[in-house]
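From a predicted model like this one, the values you see are computed outputs, not experimental measurements. The analysis underlying the following values was restricted to heavy atoms, covering all of them including side chains, and did not include hydrogens, waters or symmetry mates. Numbered from 1 within each chain, the chains take letters A, B, ... in sequence-line order.
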There are 2 protein chains.
Amino acid sequence: MYTLAEENYLKAIYKLSMVAKNVSTNQIAAELATKASSVTDMLRKLAEKLLINYTRYQGVSLTQTGEKVAVNIIRRHRLWEYFLVEKLNFKWDEVHEMAEEMEHISSTELIDRLDEFMGFPTRDPHGDPIPDSQGNFKQNDLKPISAVDINACGIISGVRDHSSAFLQYLEKKQLTIGKKITVKEIITYDNTVILQMDNKDLQISRDVANNLLIAL
Amino acid sequence: MYTLAEENYLKAIYKLSMVAKNVSTNQIAAELATKASSVTDMLRKLAEKLLINYTRYQGVSLTQTGEKVAVNIIRRHRLWEYFLVEKLNFKWDEVHEMAEEMEHISSTELIDRLDEFMGFPTRDPHGDPIPDSQGNFKQNDLKPISAVDINACGIISGVRDHSSAFLQYLEKKQLTIGKKITVKEIITYDNTVILQMDNKDLQISRDVANNLLIAL
DNA sequence: TTATATTTTTAGACAAGCCTAAAAATTTAA
DNA sequence: TTAAATTTTTAGGCTTGTCTAAAAATATAA
């Protein structure tokens with residue numbers, strides 16, 4: 001239906017749209033590690049196919065069709081990640097690259113059966129919600145630890161950075177999905193955060209606090 | 001490691017090599033539904049990469065490396081077919097196209113874990129042997145029904161034609177893997193074959209007898 | 001063994017998706 | 001509000017993998 005490149009562009013635009021309604025050429029180029037001129041080329045093609053709204057120099061947004069396609073790719077990605085962790089016993093920091101390939105397998109029937117096989121999971125191993133077969137899912141209502149009040153208490157429920165380096169660090173510190181933590185102190189000088197978890201104090205940097213999400 | 005096109009060429013050459021040592025340009029073109037000139041182009045590239053032995057006008061054969069790559073693709077294809085049938089409950093005539101896409105997922109670790117998850121199956125849903133992680137597997141020692149003697153008795157163990165049309169026909173006639181049959185008569189005029197199965201007589205055409213394999 | 005048919009290769013072209021370098025538009029700053 | 005900086009687009013080119021048409025090699029038949 002859509003080429004590999006097209007799917008990757010739609011996914012990137014979808015992801016960037018979470019932050020700002022209109023997405024710029026340079027943002028897409030950075031996300032896909034490609035050049036702005038290549039992005040412009042592709043944007044013309046996607047607009048032609050009515051997958052994005054695009055006016056020269058004005059940035060882009062997904063059309064309804066484009067969004068549907070993007071959500072479907074995300075569904076496939078997250079279901080495969082769940083499969084790799086829950087059925088094949090991979091660790092949460094090992095699955096991203098594989099799922100990046102598997103998300104492009106096109107059969108809808110396959111994905112729906114996989115979904116059923118696993119018992120219709122609602123979150124992938126990183127806490128991200130999995131869209132159902134209709135494309136419905138509720139966005140996580142999570143906050144980065146760096147943005148909550150002192151003495152706030154919550155459950156670790158997601159990450160913003162999916163790199164293995166970050167996930168391995170969290171694993172080592174036992175900062176995994178489901179853990180209950182309390183924010184004890186935020187050092188104003190460098191925004192280092194002191195947490196309490198399992199009755200022990202734990203110090204994390206501003207960067208880590210920014211990328212670790214909790215449900216209050 | 002290898003492009004989609006390269007993998008498909010290697011697989012086609014491997015398949016055609018089963019029948020004749022040296023494979024011709026036209027045979028490959030037919031197998032891949034492409035043109036002879038496109039095949040020539042690709043053969044030059046594969047020879048360059050030392051995956052095939054190729055001399056102009058003389059046909060090709062796989063090098064040891066090329067064969068290793070081809071067998072690996074076949075391993076992936078057959079394991080995914082097994083997964084689709086045994087875990088996701090697809091029918092044996094529904095899985096070929098999906099596996100055709102899935103066989104190109106590159107991670108070796110993924111395939112080895114999938115293999116383990118399913119208990120190291122040795123045959124796919126069509127009776128074809130699944131190479132192990134070292135690429136070892138014994139070729140089926142099967143005969144088409146059209147080639148056995150009268151009164152020969154054996155177990156249906158494989159097919160030569162993997163098209164859904166053929167598989168659906170077999171399913172309807174209950175001519176499935178594992179069934180015990182006896183060849184009662186071969187009509188010399190048109191090579192129609194009369195089988196006995198489950199104490200009932202069954203008539204199959206020359207074409208069906210040619211594509212249905214039994215272990216004696 | 002020569003003519004004909006078939007197979008294979010070459011030549012030249014095209015689409016997709018990427019690139020660099022330069023031009024144009026937009027934004028920011030003086 | 002004009003100049004400078006930044007962003008985006010255009011122009012032209014490259015690679016991969018495909019195609020058609022024509023030429024060359026090989027196989028077949030008279």
Side-chain angles (χ1 to χ4, degrees), chain A residues 1-17 19-62 66 69-70 73 100-101 103-104 106, chain B residues 1-17 19-62 66 69-70 73 100-101 103-104 106:
Chain A
M1 198 62 184
Y2 301 101
T3 69
L4 186 65
E6 284 169 348
E7 290 201 346
N8 285 334
Y9 272 90
L10 292 173
K11 193 170 51 132
I13 295 167
Y14 182 87
K15 184 175 168 188
L16 295 167
S17 300
V19 185
K21 275 281 106 82
N22 251 41
V23 178
S24 76
T25 301
N26 266 358
Q27 284 177 306
I28 298 168
E31 178 71 23
L32 294 175
T34 184
K35 301 292 152 136
S37 55
S38 307
V39 174
T40 302
D41 278 355
M42 183 58 98
L43 294 185
R44 261 200 276 97
K45 290 174 198 161
L46 293 175
E48 184 90 18
K49 295 185 177 185
L50 305 180
L51 294 164
I52 59 171
N53 305 114
Y54 171 55
T55 348
R56 278 155 80 254
Y57 293 102
Q58 300 315 132
V60 298
S61 61
L62 294 173
V69 175
I73 300 164
E100 236 18 40
E101 283 186 68
E103 72 191 6
H104 300 292
S106 59
Chain B
M1 196 62 182
Y2 302 101
T3 69
L4 186 65
E6 285 169 347
E7 291 201 345
N8 285 335
Y9 272 89
L10 292 173
K11 193 170 50 131
I13 295 167
Y14 182 87
K15 184 176 167 188
L16 295 167
S17 301
V19 185
K21 275 282 106 81
N22 251 43
V23 178
S24 76
T25 301
N26 265 358
Q27 283 176 307
I28 298 169
E31 177 71 24
L32 294 174
T34 183
K35 300 293 152 133
S37 55
S38 308
V39 174
T40 302
D41 279 354
M42 183 57 99
L43 293 185
R44 261 200 275 97
K45 290 174 198 161
L46 293 175
E48 184 91 19
K49 295 184 177 185
L50 306 179
L51 294 165
I52 60 170
N53 305 113
Y54 171 56
T55 348
R56 275 155 84 252
Y57 293 102
Q58 299 315 132
V60 298
S61 61
L62 293 173
V69 174
I73 299 164
E100 236 18 40
E101 282 186 68
E103 72 190 7
H104 301 291
S106 59

Check your understanding: If only side-chain N and O atoms of B:S38 are considered, is one of them under 4.0 Å from the OP1 or OP2 phosphate oxygen of D:dC19?
Key -> yes
Practice item. Write down the distance between CG (A:L46) and C1' (C:dC18), rounded to a whole number of angstrom. Key: 15 Å
Review point. A:K11: what forms a salt bridge (charged side-chain N to carboxylate O under 4.0 Å, His left out) with it, not counting sequence neighbours?
Key: A:E100, A:E103
Exercise for review: Report the residues that fulfil side-chain contact (heavy atoms from CB on, under 4.5 Å) with A:S37, sequence neighbours left out, ordered by chain and then residue number.
Suggested key: A:K35
**Study point:** With B:K15 via side-chain contact (heavy atoms from CB on, under 4.5 Å) - residues at least two apart
**Key:** B:E31
Exercise for review: Report the residues that fulfil side-chain contact (heavy atoms from CB on, under 4.5 Å) with A:N22, sequence neighbours left out, ordered by chain and then residue number.
Suggested key: A:S61
Practice item. Could you run through nucleotides 3-17 of chain D and give me one letter per nucleotide, 5' to 3': B if any protein heavy atom sits under 4.0 Å from the base, S if only the sugar-phosphate is that close, - if neither? Key: ----SBBB-----SB
Review point. Can you name the salt bridge (charged side-chain N to carboxylate O under 4.0 Å, His left out) partners of A:E6, sequence neighbours left out?
Key: A:K49
Check your understanding: Just how far, in rounded Å, is P of D:dA21 from NZ of B:K35?
Key -> 10 Å
